[in-house]
Amino acid sequence: MANVSIRNVRKRFGSTEILHGVDVEIDDGEFVILVGPSGCGKSTLLRMIAGLENISSGEIAIGDRVVNNIAPKERDIAMVFQNYALYPHMTVRDNMAFSLSLTNASKAEIDEKVGRAAQILGLNPYLARYPRQLSGGQRQRVAMGRAIVRDPQVFLFDEPLSNLDAKLRVAMRAEIKELHQRLQTTTVYVTHDQIEAMTMADKIVVMNAGNVEQIGAPLDLYDKPNNLFVAGFIGSPAMNFVKGKVADGAFTAEDGTILPLPPSAAGQDGRPAVYGIRPEHFRLAGDGLPARITVLEPTGSETQVMAHFAGTPIIGAFRERIAAKPGETIRVSVDPMAAHVFDGATGQRIGA
Amino acid sequence: MSATTIPSRAFRERPKESWLAKLFDSKPFLVALCLLPCSGLLIVFMTYPLGLGLWLSLTDTTIGQAGDFVGLDNFISLFDDQIFWNAVGYTIFYTAVATSGKFMLGLWLALLLNHNLPLKAFLRAIVLLPWIVPTVLSSIAWWWIYDPQFSIVSYVAVDVLHVSDQYFDFLGSPWAARWSLIAANIWRGIPFVAITLLAGLQTIPPSLYEAALLDGASGWQKFRRITVPLLMPILSVALTLSVLFTFSDFQLVYAITRGGPFNSTHLMATLAFQRAIPGSQLGEGAAIAVSMIPFLLLATMVCFFGVGRRKWQQGGDND
């Protein structure tokens, strides 16, 4: 096992720069998820750690070793690909044994290591099958088995769950998390799905357009997003944003609605700002502000309300069951302690 | 209005069908009708000539004179015919050597073309050229290349590079002629192999090579453990076709040497033609042609079952 350091790494394809200087420190045994929209450079960064893409500038170190010029096979990493990249002409056993067979490992050693990985992943009944005889989830497990057999210092996962259906994805999510807790191997995992990131990671790296937007524990990102991008990306349904400005110790929306400011954001009078509220931080209150309902979505455990509030469409999530109908107006209040305020020009968070 | 007219139409009795309508409603008739154009072509241009050839091989027909049935006499006399056995031997040798050459060079070319080269599309088009040019034309070009006096190869070697002091004798002696023909056949066959295998190579997902790279495979190991097994299905088809084309080759040999010198370069196909048309012994020529069938069947079986479909390609469970 090892830590991974990514220091000021840049990637250029021709004259186009894809990564603009990325710094990430990954501790030994940590489960880190790189998350961001398509094209943000997260997969490229992962492939650079693996050695499948070269590093235009900066350096990547695994353990104490800078690996910029070290061949992929010498880096002591194992990767699970999005399409699994199982060798179709080899049985499950041979797929998992492939890396060992290349090093002329003894048959006993191969059997032992493949057996152990198959045991961990529950693949024993399938060892003699070919990949095409397996279901998506089983193939996914074989791909992980191939990584486990190598007993690497770092596991790399490139969107491993995106080819699975929704139900299986939830199951595999738990399985991968459990696997990590069991093996404690440093893991770097790429996904575009913020739910995967929130549920699995020890640490999330949110990337956008080749930059790191924020690094932190899942709930830290949720509670204190550094900027508008992270605020909007993490959380589902997404955070609501109301545009306006800070004035007289409160927030004034563009339509004149006055919203309470969190204390840390006070004293910035006149500054254009964006007010962020998570759906679950609205409260029904008789003396609150009006919200005209457009769509109601009762899910049983909560009621999601799409409404027009402070001149903006918002989504609210309420524990209560709401009897109102679309077109009617309900009154809601906002807890200033749970609100976020961002600079209108830079999108950066104002206050702590 | 329409509400009153529609029901009366719906309940109107169907008119009695004519025999023609009944005929076209009959499934067996339609099946036969739809198959007719294709089966007609096959019968006229494949089955009839094959059947005629088989029949002729059992007769003593000559050109201009209908023959009598003579049983296996033609085959029996061929059995003692040294020229026939030489042709059989050379055909097998020609097929084996030329096919191996085509596959080695074709695979090599396919691997090169599978890389990201500049002018990739242009290079691929160039590679196809020998395949596009009619064989008779390229054979004539080869004939000139192999000419004892005007050969460009001899000219370059002797008059330009001075690596040899006499002109090469490509077609004058049996073994030189045999190897020259094989070289021309390889040149002609490479594009087919290269393009087919290139298509096969492009079906192999690049992520497999990346996975193998991370698993620690060297270039040779990637080739042997990933490329070759995954190329096998298409390789076997290409191999089968290539063996068939080469074994039954006629144009190239007939255009360059006509079987000479001293019948040393006769393939079975050229010998069959030689005996049947210029030699006017239709029965005997047909017998030689028919003798190719068992060899072709055997070669096809070996290629197809030897390197054909693999277990991993087949779907379903087999546990």
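Model, not experiment: these values are computed from the prediction. In what follows, chains carry the letters A, B, and so on, assigned in the order in which the sequence lines appear, proteins first and then strands, with residues in each chain numbered from 1.
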- Exercise: identify the closest heavy-atom pair between Leu230(B) and Pro88(A): CD2-CG, 3.4 Å
- Query: Do any pairs count as a salt bridge (charged side-chain N to carboxylate O under 4.0 Å, His left out) and have a residue in residues 140-153 of chain A, sequence neighbours left out, and if so which ones?
  - Reply: Arg141(A)-Glu175(A), Arg150(A)-Asp215(B)
- For chain A, which residues from residues 181-208 of chain B lie under 4.5 Å away (heavy-atom distances)? Ser207(B), Leu208(B)
- Item | Contact origin within Gln221(B) toward chain A - heavy atom pairs under 4.5 Å | side chain
- Judged by atom type as modelled, is there a donor-acceptor pair below 3.5 Å linking the side chain of His89(A) to the main-chain atoms of Arg225(B)? yes
- Structural part of Arg47(A) lying under 4.5 Å from a heavy atom of chain B: side chain
- Glu178(A) atom CD, neighbour heavy-atom count above 12 within 6.0 Å: no
- Query: Got a sec: does the CD of Glu59(A) have more than 12 other heavy atoms crowding it under 6.0 Å?
  - Reply: yes
- Which portion of Leu100(A) sits near chain B, non-hydrogen atoms under 4.5 angstrom: neither
- Query: For Pro72(A) and Leu214(B), which heavy atoms make the closest approach, and how far apart are they?
  - Reply: CB-CD2, 3.6 Å
- Query: So does Phe13(A) have more than 12 non-hydrogen atoms from other groups sitting under 6.0 Å from CZ?
  - Reply: yes
- Message: Less than 4.5 Å to any heavy atom of chain B: does that hold for the side chain of Leu52(A), its backbone, both, or neither?
- Response: side chain
- Task: Please look at Phe81(A) and chain B and tell me whether the side chain, the backbone, both or neither of the residue comes under 4.5 angstrom of a heavy atom of that chain.
- Result: side chain
- Message: For the CG atom on Asn124(A), are there more than 12 heavy atoms of other groups (residues, nucleotides or ligands in this structure) within a distance under 6.0 Å?
- Response: yes
- Contact summary for Phe98(A) and Ala212(B), nearest pair of heavy atoms: CE2-CB, 4.1 Å
- Among Val149(A), Val80(A), Asn83(A), which has the most heavy-atom pairs under 4.5 Å with chain B? Asn83(A)
